[in-house]
Amino acid sequence: MFYDIFTVFWRDWIVLKRRLVKFLLSRMVAPMLYLVAFGWGLGRSIPVTGTGSYLDFLVPGILALNSMNISFNSVGPPLHTARIYQKSLEEYLVAPIKPLAFIIGKIAAGTLRGMLSSIIIVALAYAFGATLHINIVFIGVLMLNCIIFSAFGFLVAMLTHSYEDMGSFNTYLLLPMSFLCGTFFSLDKLPIVFKLIIEVLPLTHTSALLRAIGTGNDFSVVSILFLVFFMIILLLTCILMMKKVCK
Amino acid sequence: MIKIEALVKNFDKRIAVNGLNLEIEQGEIFGLLGPNGAGKTTTIRMLTMLTKPTAGEIKIDGLDIHHDVEKIKALIGIVPQHINLDQDLTVGENLELHGRLYHMSARERKSRTIELLEYVELSERINDRVQSLSGGMKRRLLIARALMHKPKILFLDEPTVALDPQVRRRLWDLIRRMHNEHITVLLTTHYIEEAENLCNRVAIMEKGKLIALDSPVNLCQRFGTYVVEWEGDMGREYNFFTTREKAAEFAGTLDTTTTIRHSNLEDVFVELTGRKVSS
């Protein structure tokens, strides 16, 4: 089982290794723009409740939304292409490996990409002068977020029938979440109905947790449990989807 | 080696395979023929566990496809109709991935890669991306990949489509060589001469059902050993005859260019399925 997980991961690692420099460079663009536009540009005129600058408030949010996007898009679209267009998914389906090994291998590869891009952001954030406390819980939450959205990407890739449908998830779900889940501003500023809807989304909990830990404050254990719960549900659904893929 | 009983596959309301019974012996080269949409590929997909049967039983090497999934998967090699190589990997990496998925040791993977690439004449392309290969090269790589883990049963779905004659013949040699090593081969094909050349037995399918099952030689004798072919009002026409004399006698009555020849599998195929197959 572990060997098979590694095989699946190995394939993605080979592909990533070949484009590693390009991958890392391209990952710098979006966070840099966020930091410049919202951190330096707008941020200077935004008063923040409590201590620290808006930049310090912003960085955990960018980490959350970026790791979400990278993890989802590292797993979803390539897997979708492998399933529908290249049919290379069949190579795994006919191989004597457990479906779970394939799921975990793919999610691990997506998580790795999400974490690599997070390192870039942390480095950039320090370069921009942000203060951020990183400890083991912080890294754990970030990884949870990567796993959740890698699994979500896996699920969407297995469910959708065309590339356009795949893109719809980015437009209608990931993009709104990027902006609304407590990433750029505090949820307290939202009407109560809005707030309730947004609070059941995992990214909200990730950004709240990262912000609390990053600024050295107490964090909510309930939020962590919520993320773990979310992860388990998604993994179970992935297993279900793999069973249904051979109709 | 392969035992199929009352196999049925429905896609919504369409019936792809309709009550198929078939037994294939170990070491046999077995050909599955039939017009487009006859259910050949669906049958192969069920045998390779890419599609679940609606009803019926499949046993491979005494193992049940519902319970011994991984054991069966380790036994079989598959050359699909479409090219499903990993386009992001190189030629060598595709084989390496396959070897890893089938739990081969590193040393075995390496030696087998070199051996097989030599056989399909792709040794110089080992470090090239799959994207840069021609269609025929990709197909050869598919075959090398299927043989990587030394399967006991090989499924080939239209294996020689888009191959040039030299490579096709080379592949035939390879299939015969596997036959000598007691590997069971099940292939589907549109090229009737391929089945005639290679197969110990062929089954002809139409609309999901088996309509003939015999050796190519026996099938050819089914309607008559000789065929008279002529250019008629309806295009190319032909008749079967049991002896050469009868064929010659009939040919004498025709006032046009005629050909007297041995019947071949294609004649039988067309006679049985009632339409030309397009390759």
Side-chain angles (χ1 to χ4, degrees), chain A residues 1-20 22-23 74-75 77-106 108-110 113 157-158 161 239-247, chain B residues 9-12 16 42 44-54 65 68-90 92-106 109 127 129-131 138 142 145-146 148-149 151 155 157:
Chain A
M1 178 79 176
F2 181 76
Y3 182 83
D4 295 334
I5 294 173
F6 182 73
T7 299
V8 177
F9 181 81
W10 169 84
R11 182 266 170 206
D12 281 20
W13 169 242
I14 289 286
V15 174
L16 173 62
K17 202 169 69 176
R18 202 151 32 225
R19 306 180 190 134
L20 195 57
K22 273 189 209 160
F23 171 79
S74 299
V75 177
L79 184 58
H80 184 263
T81 312
R83 182 174 77 97
I84 301 281
Y85 302 101
Q86 293 190 3
K87 310 263 183 203
S88 50
L89 178 66
E90 285 177 3
E91 171 74 344
Y92 298 95
L93 296 179
V94 299
I97 62 165
K98 291 247 181 323
L100 187 62
F102 180 72
I103 297 170
I104 297 177
K106 280 286 166 195
R113 286 189 181 225
M158 287 296 177
H161 295 295
I239 295 170
L240 206 71
M241 276 329 289
M242 271 305 271
K243 285 204 174 127
K244 281 176 85 178
V245 77
C246 295
K247 278 182 275 189
Chain B
K9 179 66 190 181
N10 298 339
F11 292 108
D12 295 324
T42 306
I44 292 236
R45 285 180 72 87
M46 284 191 278
L47 287 168
T48 54
M49 285 162 289
L50 276 170
T51 299
K52 287 200 178 82
T54 309
I65 59 154
D68 308 300
V69 178
E70 275 166 57
K71 277 187 199 155
I72 295 179
K73 283 178 173 176
L75 285 180
I76 62 179
I78 302 160
V79 178
Q81 204 176 88
H82 47 267
I83 287 157
N84 68 356
L85 298 163
D86 197 323
Q87 309 277 338
D88 292 320
L89 299 181
T90 66
E93 285 164 355
N94 263 284
L95 295 182
E96 172 74 13
L97 175 65
H98 189 89
R100 284 174 184 244
L101 285 170
Y102 287 78
H103 310 130
M104 293 165 70
S105 71
R109 291 199 297 263
N127 291 321
R129 292 274 283 279
V130 168
Q131 283 166 340
K138 284 180 188 165
L142 273 184
R145 190 184 67 179
M148 185 78 183
H149 61 286
F155 293 97
D157 196 1

Check each atom of B:I78 against the heavy atoms of chain A and say whether the ones under 4.5 Å are side chain, backbone, both or neither. side chain
So which part of B:I76 gets closer than 4.5 Å to some heavy atom of chain A, the side chain, the backbone, both or neither? neither
Between B:H98 (side chain only) and B:R145 (backbone N and O only), is there a donor and an acceptor less than 3.5 Å apart? yes
Interface moiety of B:K71 toward chain A, non-hydrogen atoms closer than 4.5 Å: neither
Where is the tightest heavy-atom contact between B:N84 and A:E90, given as atom of each residue plus distance? ND2-OE1, 3.0 Å
If we define contacts as heavy-atom pairs under 4.5 Å, which of B:Q87, B:H103, B:R45, B:R100 has the most with chain A? B:R100
Among A:V8, A:V94, A:V15, residue most engaged with chain B (heavy-atom pairs, under 4.5 Å): A:V94
Has B:K52 got more than 12 heavy atoms of other residues, nucleotides or ligands less than 6.0 Å from its NZ? yes
Within the side chain of B:D86, is there an N or O that forms a donor-acceptor pair under 3.5 Å with the backbone of B:N94? no
Are the side chain of A:R113 and the backbone of A:F23 linked by a donor-acceptor contact shorter than 3.5 Å? no
Can we say B:D88 and A:R18 salt-bridge, meaning some charged N sits less than 4.0 Å from an Asp/Glu carboxylate O? no
Charged N-O contact under 4.0 Å between A:K98 and B:E70: yes
Positions in residues 80-89 of chain A that reach chain B, provided some heavy atom is under 4.5 Å away: A:Q86, A:K87, A:S88
